[in-house]
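Worksheet for the structure shown next.
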Amino acid sequence: MSLSGRHILLGITGSIAAYKAAVLCRLLKGAGADVRVVMTPLAKQFITPLTMATLSKHPILVEFFNPENGEWNSHVSLGEWADCMLIAPATANTLAKMAHGIADNLLLTTYLSARCPVAVAPAMDLDMYAHTATQTNLQTLRERGVAIVEPAEGELASGLMGKGRMAEPAEILSFVEDLLSEKKKSLQGKRMIVTAGATIEAIDPVRFISNHSTGKMGYALADALARRGAEVTLISGRTTLPTPPSVRRIDVTSALQMYETALREFDAADGAVMCAAVADYTPEEVSPIKLKKGEGDMVIRLKRTHDIAAELGARKGARMLVGFALETDHEEAHAEEKLARKNFDFIVLNSLRDAGAGFGVDTNKVTLIDRNGRQELPLLSKRETAERIVDKIETILK
Ligand code: CTP
């Protein structure tokens, strides 16, 4: 059992997603963990302490002391007992208080005393989640080492569609397993490069040519590699994503900058994952001043950029190289051709024809293709897809 003998302190806050905490508790127990539950006062309105006490087989902790007999619920000893504190669901309110060190309930005082890894699974409405205040608080917590189980996109309690739904209990379980497992150190001492995001090719000081890549898949890969102990350099084109913990990030703009940076960094690396959406063409000339419109049509001559992946493939030697292919037709044939031409160890094929795969979404459906065959993965979160890709990287690096 993956969590055998581990002590998990499950914190529940006042969100409609609290009902999922019952399933989560069962899954944690099923994986062998000893689970104790701390609830905020509001959480009791969403799921009863009796339910959670029955499932966890321990009394529920809400108040600083038991009003019946004055017995003190020590946040310090709870924090010491735990191997992991998992707050699921975590509301915008609790996340804000955690980020600011507010300690007005037992869950928060325990968080401030905890020395163990802390993970939070946010759950809230899409606008609350997207609000700068919430995003800033999450970034603060991330920088302090709190692990964040990304919420999913989908229908929310408000009836709106968007990002903010708490991750499913099974996904939270695997997140906690990873957080506590030795697996995360399996790439210790390995140096990996990841390219991610979209390049920007300037036409003039105002306009540019780019593409729809958001960088999510590359960032998830950089994060997964770093969590297993690899030293990760993320060469990033345009994206709005925060840098994953312990990842060294180099921002670049154009395909040429990405090419120069990747070549330089590859020298000292054990491998590279080419996830960026690099422009294949760039304007032959960049106007130093803003181009003015004329009467007729306009023609911009484009020239080829360097194929970064092919260049690294040609000089890789014993190093490992993973590529991506995003295709709309004859997917496997195109991917196999790129696998050979760019000298990849394996290639990750995305088809834009698959629902749930492609730009901006949090899920992906990919096929891993190498010279020995193919492995089709189901529709998974980008995070889970990244884990599977890193599993394969790990077998090659060993
Ligand atoms: N790639 C790269 N540098 C480029 C173009 C692509 O490193 N200038 C990498 C991508 O990061 C990806 C792989 O090559 O890992 C495949 O990219 P893709 O654009 O699909 O392949 P192309 O060779 O450009 O083929 P086409 O555009 O014709 O599909």
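Treat the numbers as computed from the prediction; the structure is a model and nothing was measured. Atoms within each ligand, like the ligands themselves, are counted from 1 in listed order. Computed over heavy atoms, backbone and side chain alike; hydrogens, waters and symmetry mates excluded.
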task = Taking the side chain as every heavy atom from C-beta outward, state whether Thr305 and Tyr259 have any pair of such atoms under 4.5 Å apart.
result = no
key: Distance filter under 4.0 Å to Gly323 heavy atoms, resulting ligand 1 atoms   = 15 (O)
inquiry  = Can you give me the closest heavy-atom contact between Asn343 and Lys316, atom names plus distance?
reply    = O-CE, 3.0 Å
request  = Spell out, as yes or no, whether a donor-acceptor pair under 3.5 Å connects the side chain of Thr239 to the backbone of Thr214.
outcome  = yes
key: Side chain, backbone, both or neither: Asp307 near ligand 1, heavy atoms under 4.0 Å   = both
request  = Take the angle between the ring planes of Trp81 and His58 and call it parallel below 30°, perpendicular above 60°, tilted in between.
outcome  = perpendicular
message = Under a 4.0 angstrom heavy-atom cut-off, which atoms of ligand 1 come close to Arg341?
response = 23 (O)
request  = Provide, to 0.1 Å, the distance between atom 9 (C) of ligand 1 and the closest protein heavy atom, together with that atom's residue and name.
outcome  = Ala309 CB, 3.7 Å
query = Any idea which atoms of ligand 1 are less than 4.0 Å away from a heavy-atom of Asp280?
reply = 5 (C), 8 (N), 24 (O), 27 (O)
remark   = Among non-hydrogen protein atoms, atom 4 (C) of ligand 1 lies closest to Val278 CB, 3.5 Å
message = How close do Pro117 and Leu179 get, counting heavy atoms only, and between which atoms?
response = CB-CD2, 4.0 Å
ask   = N/O of Ile308 under 3.5 Å from N/O of ligand 1, yes or no?
value = yes
inquiry  = Checking side-chain polar atoms at under 3.5 Å, does Thr40 have a donor or acceptor matched by the opposite partner on Asn105?
reply    = no
ask   = In terms of side-chain heavy atoms, does Glu376 have a donor or acceptor partner in Thr367 at a distance below 3.5 Å?
value = no
note = re atom 13 (C) of ligand 1, the protein heavy-atom contact at minimum distance is Phe324 O, 3.1 Å
task = Compute whether any side-chain donor of one residue and acceptor of the other, for Thr199 and Glu201, lie under 3.5 angstrom apart.
result = yes
task = Select one of side chain, backbone, both or neither to describe which atoms of Ala276 lie under 4.0 Å from any atom of ligand 1, heavy atoms only.
result = backbone
key: Proximal candidate to atom 23 (O) of ligand 1 [heavy atom criterion; set Lys338, His334, Lys342, Met274]   = Lys342
task = Considering only protein heavy atoms, determine whether one is less than 4.0 Å from atom 28 (O) of ligand 1.
result = no
query = Which atoms of ligand 1 sit under 4.0 Å from any heavy atom of His306?
reply = 4 (C), 8 (N)
